[in-house]
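Scroll down for the structure; my scribbles are underneath it.
Note that ligands are numbered from 1 as they come in the structure, with each ligand's atoms numbered from 1 the same way. Position 1 is the first residue of the sequence; numbering continues from there.
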Amino acid sequence: MPVVLPGSGVSRGIAVGRARLLQGGQLEILEYALPHSHIDAEILRFQNALSAARRQLVDIRHRIPAETPDEIAAFIDTHLLMLEDATLASAPADLIRSRRCNAEWALKLQQDALEKVFEAMDDPYLKTRRDDVAHVVQRIQRILLADERPLGESEDGEPMIVLAADLSPSELLQLHQLQGVAAVVTERGGPLSHTAILARNLKIPAVFGIERCYQYVRDNEPVVVDGNEGVLLAGLDAGMLAYYRGKQRSQRRAHAALRHLKDRPAVTRDGVRIGLQANIDLPADLPAVRRAGADAVGLFRTEFLYMNRRDLPGEEEQFRIYRDAIRRLKGLPLTLRTLDLGADKALGTEISAAVSPLGLRAIRFCLKELHLFRDQVRAALRASAFGPIRLLIPMLTTTGEVEQVRRLIRQYMLELDQAGCPYDPAIAVGGMIEVPAAALCADSMSRGLDFFSIGTNDLIQYTLAADRVDAAVSYLYDPLNPAVLRLLTMVIDAGRRAQIPVAMCGEMAGDPYFTRLLLGMGLTEFSMPAGALLEVKEVINRSDFHKLKGRVAKLLRQSEPAVIAEGLETLNRMP
Ligand code: PEP
Ligand code: MG
């Protein structure tokens with residue numbers, strides 16, 4: 001009997017292979033009372049396991065593929081630092097001595113104690129740290145228990161699909177480096193976890209959040225992971241497996257067939273040129289921008305430069321980063337979004353923006369912590385002397401904020417003039433339109449801004465009052481909700497009236513399912529992860545901009561998301 005287990009598809013693609021049930025997160029940890037004479041030996045056993053864990057991590061660190069974002073190496077560095085920290089390096093040894101217990105149990109006690117501390121803090125960043133502690137503790141426990149079944153190794157050369165309770169980024173890297181790991185499935189974790197980001201970067205199909213997946217799948221049984229649909233399928237007969245293998249082959253062919261589009265412009269059949277730009281998180285993503293043939297970097301999420309470090313990057317450091325990035329782009333524009341901290345993006349330093357997505361985050365936070373804004377904007381201005389840089393301000397809500405930002409930028413320009421520092425005096429300053437108030441008042445917002453970039457990820461969450469990281473309300477988070485579509489139309493139309501460019505840089509822009517809808521709404525600039533660009537270009541090149549306008553206008557008069565979805569599917573099927 002086939003079993004279909006739904007979860008969250010965090011990395012696209014289809015994989016067919018044999019299930020490999022990893023015991024990660026499910027280690028059976030028992031307590032043993034030790035005689036006094038065994039304590040020193042047990043502490044030595046614990047210290048040896050710590051050293052082995054360190055060796056494993058250093059080894060993984062050395063074998064990280066060249067193009068992996070620096071952010072990933074930083075996660076492993078964090079785990080290495082944790083192994084040095086007294087809370088994990090010496091506290092368990094003290095517990096072995098005081099409780100006279102085995103090392104595995106001492107680690108469990110220490111982990112429980114740390115979890116209580118993290119829970120009391122109620123901070124999403126520390127929650128990530130809590131997961132990191134769990135990953136590091138498990139690594140040591142696995143060594144202590146000699147649970148050394150090689151990850152990802154198949155008996156008959158078939159690709160392996162790993163099922164785990166949870167996976168750390170370093171474990172995923174390890175799985176990737178061992179041949180034969182075709183996909184991963186976990187019980188925990190969501191699309192915004194670091195492991196999910198890594199799976200997408202490594203192009204490993206992944207479905208997370210399938211509760212109790214262990215209960216339905218036997219070790220070594222043939223299974224299918226469909227990262228597009230977010231499902232794990234088990235109990236399939238030979239015919240069904242052949243069907244999915246065929247699907248997998250045609251996806252690979254389709255992807256390869258898109259490569260020829262790289263150097264072709266994105267132009268609709270009726271000759272409308274569409275701008276396709278790339279979103280990046282770190283300078284390490286720049287090679288992918290050029291490989292995809294993007295017209296520009298439409299969104300550089302600079303907050304990632306501030307993460308996984310103990311200090312803050314100052315003006316000089318940022319200037320060098322932005323200048324190097326603009327040089328590497330060789331004439332392509334770089335849209336630098338100022339610090340968008342807060343909600344699910346937090347720092348490990350004493351600087352903390354609001355945890356609530358409605359609180360003091362993004363530009364609100366920068367306007368309170370002006371030294372951060374000044375350092376960043378001055379760095380960006382100085383880098384603008386080396387190539388086309390645009391500034392993008394996140395989470396603008398009122399025209400008052402726009403005016404304040406403009407005043408500050410003028411002030412920083414004056415300072416640079418006085419210091420004799422060159423910069424581009426005509427630098428474009430755009431606003432993220434991601435708060436419903438800004439969308440509703442887009443006409444007046446446009447007066448102080450040189451361009452708009454629509455942040456659908458936030459605009460959808462705020463319009464529908466559905467926290468984007470809360471799975472419990474994800475059923476409400478629907479880009480096709482008519483309220484969202486009306487706001488999008490208002491922003492695009494306001495931009496046209498004001499004669500300023502309107503781009504979209506939220507995830508919706510990179511999903512080919514929405515491409516024709518957005519074209520029909522009049523959108524002509526899309527910014528997306530580089531990996532999505534060719535697929536979107538392929539849809540654009542076989543679409544007719546003016547025909548779509550009429551059809552989409554009709555669709556937008558509908559009030560039921562399901563009816564809109566049906567109409568969109570018809571649009572998408574058109575040749
Ligand atoms: C958005 O909100 O759509 C966006 C692009 O920004 P972020 O996802 O970084 O909030
Ligand atoms: Mg946003």
Side-chain angles (χ1 to χ4, degrees), residues 10 69 71 124-125 190-194 196-197 200 276-282 285 289 294 296-307 334-347 353-366 376 390-397 401 430-439 442 445 451-470 474 477-481 484-485 487-488 491-492 502-511 514 518 523 525-533 536:
V10 302
E71 192 189 356
Y125 176 73
L192 294 169
S193 70
H194 299 324
I197 297 169
R200 287 194 286 275
L276 291 186
Q277 308 168 4
N279 295 349
I280 64 166
D281 295 339
L282 288 165
D285 299 334
V289 175
V297 170
L299 171 66
F300 180 1
R301 289 181 162 100
T302 58
E303 52 277 7
F304 285 97
L305 297 174
Y306 292 66
M307 290 181 185
L334 171 67
T335 312
L336 236 156
R337 180 173 74 182
T338 59
L339 193 53
D340 184 6
L341 275 188
D344 59 315
K345 286 182 280 196
L347 299 185
V355 171
S356 156
L358 299 177
L360 200 63
R361 52 165 293 211
I363 190 61
R364 304 169 178 189
F365 174 67
C366 283
Q376 185 170 37
R390 307 184 284 214
L391 281 172
L392 178 58
I393 314 296
M395 218 193 160
L396 287 168
T397 309
E401 284 170 347
M432 294 279 297
I433 304 296
E434 51 187 347
V435 174
M445 297 296 278
F451 66 96
F452 286 158
S453 190
I454 308 176
T456 46
N457 305 344
D458 278 316
L459 186 62
I460 297 169
Q461 80 160 342
Y462 294 132
T463 305
L464 303 173
D467 192 332
R468 65 194 253 193
V469 296
D470 187 347
S474 62
Y477 191 98
D478 180 6
L480 292 184
N481 185 295
V484 173
L485 297 181
L487 288 176
L488 296 182
V491 179
I492 296 168
V502 179
M504 177 181 285
C505 62
E507 292 297 302
M508 199 176 171
D511 187 338
F514 299 115
L518 296 172
L523 190 77
E525 285 191 27
F526 295 64
S527 191
M528 64 196 76
L533 208 132
V536 170

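Taking only nitrogen or oxygen atoms, main chain and side chain alike, E507 does not reach within less than 3.5 Å of ligand 1. For ligand 1, the polar-atom distance check against T456 finds a nitrogen or oxygen pair separated by under 3.5 Å. Not a single N or O atom of E303, backbone or side chain, sits closer than 3.5 Å to an N or O atom of ligand 1.
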One pair to check against side-chain hydrogen bond (donor to acceptor under 3.5 Å, both in side chains): S356 and R361. What are the steps and the verdict? CA-CA 8 Å; S356 156; R361 52 165 293 211; over 6 Å; no
Can you list the steps and then say if T302 with Q376 is a side-chain hydrogen bond (donor to acceptor under 3.5 Å, both in side chains)? CA-CA 9 Å; T302 58; Q376 185 170 37; 2.8 Å; yes
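Distances from ligand 1 to the non-hydrogen atoms of M508 include no value under 4.0 Å.
If you take CE on M508 and OG1 on T456, they are separated by 6.5 Å, rounding to the nearest 0.5 Å. From I433, atom CD1 reaches atom OG of S453 across 9.0 Å, with rounding to the nearest 0.5 Å. We find the CD1-CD distance between I363 and E401 to be 7.5 Å, quoted to the nearest 0.5 Å. To the nearest 0.5 Å, atom CD1 of residue I460 and atom CG of residue D458 are 9.5 Å apart.
Ligand 1 places these atoms under 4.0 Å from at least one heavy atom of E434: 1 (C), 2 (O). In the vicinity of C505, heavy-atom distances shorter than 4.0 Å reach the ligand 1 atoms 5 (C). Close approach of ligand 1 to D458 (heavy-atom distance below 4.0 Å) involves ligand atoms 1 (C), 2 (O), 3 (O), 10 (O). Close contacts of ligand 1 with G455, meaning ligand atoms under 4.0 Å from a residue heavy atom, involve 1 (C), 2 (O), 3 (O). With ligand atoms numbered from 1 in the order given, ligand 1 contributes 4 (C), 5 (C), 6 (O), 7 (P), 8 (O), 9 (O) to contacts under 4.0 Å with heavy atoms of R301.
Judged by the 6.0 Å distance and 45° axis criteria, R337 is not positioned over the aromatic ring of F300.
Counting only distance, with no hydrogens or angles, the side chain of E434 and the backbone of M395 share a donor-acceptor pair below 3.5 Å.
Among R361, Q461, M432, M528, the residue whose heavy atom lies closest to atom 4 (C) of ligand 1 is M432.
The Mg ion (ligand 2) sits nearest to atom OD2 when only the N, O or S atoms of D458 are considered. Among heteroatoms of the N, O or S kind in E434, OE1 lies nearest the Mg ion (ligand 2).
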